[in-house]
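The structure appears below as structure tokens.
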Number of protein chains: 2
Amino acid sequence: MPESATRRRVRSLPPPRRVRRPRARAGDPGSRGRLFAAASAEFARHGFAGANVDRIAAAARVNKAMIYYHFASKLALYQEILGDMFHAVAGRVRDVAASDALPDDKLKRFVEAIADEAEARPHFPPIWFREIAEGGTHLSDQTLKDVASVVQMLVSILQEGVRQRRFRPVNPILVHAGIVGPLLLFFASGPLRLRLQRAGIPAAAAVAREDVVGYVQRVSLGVLHGTL
Amino acid sequence: MPESATRRRVRSLPPPRRVRRPRARAGDPGSRGRLFAAASAEFARHGFAGANVDRIAAAARVNKAMIYYHFASKLALYQEILGDMFHAVAGRVRDVAASDALPDDKLKRFVEAIADEAEARPHFPPIWFREIAEGGTHLSDQTLKDVASVVQMLVSILQEGVRQRRFRPVNPILVHAGIVGPLLLFFASGPLRLRLQRAGIPAAAAVAREDVVGYVQRVSLGVLHGTL
DNA sequence: GTCTATAAATAGATAGAC
DNA sequence: GTCTATCTATTTATAGAC
């Protein structure tokens with residue numbers, strides 16, 4: 001099993017993080033950046049186990065050995081991608097929660113932040129879906145904290161709304177599922193919806209980002225306001 | 001690449017479906033049934049590419065060669081599991097849509113049908129998540145039709161509601177995402193929510209099925225009634 | 001229907017030259 | 001930083017005896 005051998009290696013060796021990387025000119029991602037991008041696409045399409053390092057190298061137009069020059073292993077590469085994603089999402093969400101907007105507005109922006117990140121990194125939703133399916137097996141401790149912080153920020157937005165008597169108390173996990181579930185499903189299901197459209201569902205692929213964002217915002221605020 | 005070799009074989013050979021299988025006594029699933037169950041768990045946990053036929057055989061307590069006695073290939077086994085899942089869901093949903101209940105009630109039962117199936121087959125949500133992430137690559141034509149029919153049944157329920165002036169016209173894809181997204185996320189995220197709970201989110205794992213079903217029902221009907 | 005043994009192919013990872 | 005060549009382990013799948 002190559003994966004367990006990989007893990008062993010990751011545990012025993014500290015990651016050789018270079019503080020300043022060569023070739024960091026703007027416009028030229030360099031081999032490391034190209035590998036990172038190519039690997040994101042590969043992991044999204046095939047999952048961690050199904051991803052192939054040869055394909056990653058080919059797509060990045062670099063030699064396979066470069067993967068192991070820049071990253072400790074296939075797993076380390078994957079984990080760096082996961083970490084990058086959730087660090088970005090957690091940062092965005094933290095900013096929203098820390099702003100001085102009203103709870104209603106914060107919730108709307110929370111929804112937009114998730115949608116923005118999902119759109120900016122098209123590989124995020126499929127990868128996140130798979131990671132959920134796998135119980136978050138590949139999440140490092142730090143990344144798990146970032147994931148938790150996203151939920152935690154939503155909790156504090158809801159609490160603030162309740163304190164200000166603008167929100168009714170609703171289980172945050174439900175609100176979270178009501179927001180993240182539809183958003184991820186929408187952004188991850190593009191290719192499948194296209195196939196469904198061809199299979200006889202007329203409007204399956206004809207939904208815009210704003211429709212989904214608006215739907216989720218209306219629905220969540222409706223529940224929190226007690227309109228439902 | 002073992003997968004492409006597998007596909008070639010599946011295309012060239014017609015599936016050897018036995019009309020009456022030996023050992024179909026109640027209570028004894030037989031080697032075929034045990035393999036089916038073990039494979040479902042394995043595919044849910046590791047995905048198609050990550051699934052291992054040796055582990056499947058071991059979990060089913062049968063010899064590995066039995067997999068290839070009962071099924072044409074790893075892919076064929078996976079596709080049979082996919083087909084079984086969606087055939088069951090499509091059947092349930094079709095019954096709901098064909099009943100003479102009011103549109104409101106049909107929608108509630110639609111939500112319950114999805115939740116029932118997700119609960120009855122715990123491996124369904126993770127497998128479905130992965131299949132979505134992969135664009136439905138492994139879905140056979142027949143199974144794709146079953147998937148489409150689930151959406152189609154929801155469309156007809158919504159149309160009926162509009163005709164009876166009980167529902168406002170809302171994009172069915174949005175309603176579908178608003179129902180299936182949260183439900184699948186909830187049922188697929190059990191293990192991850194447990195980890196989040198340990199990582200400091202108190203109530204992450206403490207949500208009951210009825211909470212989610214009720215939440216989704218309220219929210220969807222709220223949108224359709226125009227209360228939002 | 002079930003088992004042993006093994007073929008055949010692939011994948012992750014590394015050594016070492018440049 | 002980059003490349004060639006290769007090692008090693010694993011994996012799907014099958015042949016063939018019982």
Side-chain angles (χ1 to χ4, degrees), chain A residues 1-13 15-16 18 20-25 28-36 38-39 42-43 46-79 138, chain B residues 1-13 15-16 18 20-25 28-36 38-39 42-43 46-79 138:
Chain A
M1 195 190 301
E3 195 175 329
S4 70
T6 283
R7 274 208 198 97
R8 228 178 295 126
R9 197 173 189 289
V10 166
R11 277 204 201 100
S12 55
L13 292 182
R18 290 160 205 76
R20 288 192 67 142
R21 295 188 198 88
R23 269 255 199 162
R25 269 174 301 164
D28 178 10
S31 60
R32 194 178 201 279
R34 289 207 305 279
L35 278 171
F36 195 89
E42 175 76 7
F43 286 128
H46 302 285
F48 176 73
N52 183 302
V53 292
D54 287 286
R55 275 199 301 258
I56 292 174
R61 303 189 318 277
V62 305
N63 190 280
K64 176 168 61 161
M66 291 302 291
I67 292 180
Y68 299 94
Y69 173 76
H70 285 300
F71 308 93
S73 64
K74 178 185 172 185
L75 178 62
L77 169 55
Y78 181 58
Q79 288 183 318
H138 302 103
Chain B
M1 197 190 300
E3 194 176 329
S4 70
T6 283
R7 274 208 199 98
R8 225 178 297 126
R9 196 170 192 289
V10 165
R11 279 207 199 98
S12 56
L13 291 183
R18 290 162 204 76
R20 287 192 67 143
R21 296 188 198 87
R23 271 256 199 164
R25 269 173 301 163
D28 178 10
S31 60
R32 195 178 199 279
R34 289 207 307 278
L35 279 171
F36 195 89
E42 175 76 7
F43 286 127
H46 302 286
F48 175 72
N52 182 301
V53 292
D54 286 287
R55 276 199 300 257
I56 292 174
R61 303 190 318 278
V62 306
N63 190 279
K64 177 171 54 164
M66 291 302 291
I67 292 180
Y68 299 93
Y69 174 76
H70 285 299
F71 307 93
S73 65
K74 178 185 171 184
L75 178 62
L77 169 55
Y78 181 58
Q79 289 184 318
H138 302 103

Using whole Å, report how far NZ of K74(B) lies from P of dA8(C). 21 Å
Hey, does the side chain of S73(B) come within less than 4.0 Å of dT12(D)'s phosphate (OP1/OP2), counting only N and O? no
Rounded to whole Å, CZ of F71(B) lies from P of dT14(D) at a distance of 15 Å
Just jot down the side chain to side chain donor-acceptor pair (under 3.5 Å) partners of D54(A), sequence neighbours excluded, or say none. K64(A)
All heavy atoms of S73(B) vs all of Y68(B), minimum pair found to be CA-CE2, 4.1 Å
Interatomic distance, CD1@I56(B) vs CZ@F71(B), rounded to 0.5 Å, equals 9.5 Å
Does the Q79(B) side chain pair with the main chain of H138(B), one donor and one acceptor, at a distance under 3.5 Å? yes
Assign N52(B) to base, sugar-phosphate, or nothing according to its heavy-atom contacts below 4.0 angstrom with the strands shown. sugar-phosphate
Atom pair distance, as rounded to whole Å: CG in L77(B) and P in dT11(D): 17 Å
So, OP1 or OP2 of dT14(C): does either fall under 4.0 Å of a side-chain N or O from Y68(A)? no
Short side-chain to backbone donor-acceptor contact, K74(B) and I67(B), under 3.5 Å: no
Could you tell me whether a side-chain N or O of E42(A) sits under 3.5 Å from a main-chain N or O of V53(A), the two making a donor and an acceptor? no
Within this structure, what is the CD1-to-C1' distance between I67(B) and dT2(C), rounded to whole angstrom? 13 Å
Hey, could you give me the CG/CZ distance between L77(A) and R32(A), rounded to the nearest 0.5 Å? 8.5 Å
Separation of atom CG in L75(A) from atom P in dG12(C), rounded to whole Å: 12 Å
H70(B) has a side chain; which of dT2(C), dT2(D), dG12(C) sits nearest to it? dT2(C)
What is the nucleic acid contact for A51(A), judged by heavy atoms within less than 4.0 Å: base, sugar-phosphate only, or nothing? sugar-phosphate
Under 3.5 Å, N/O pairs linking protein and nucleotides 3-7 of chain D:
from, atom 1, to, atom 2, distance (Å)
dC3(D), OP2, N63(A), N, 3.2
dT4(D), OP2, N63(A), ND2, 3.4

Atom-to-atom span, OH of Y69(B) to C1' of dG1(C) - whole angstrom: 5 Å
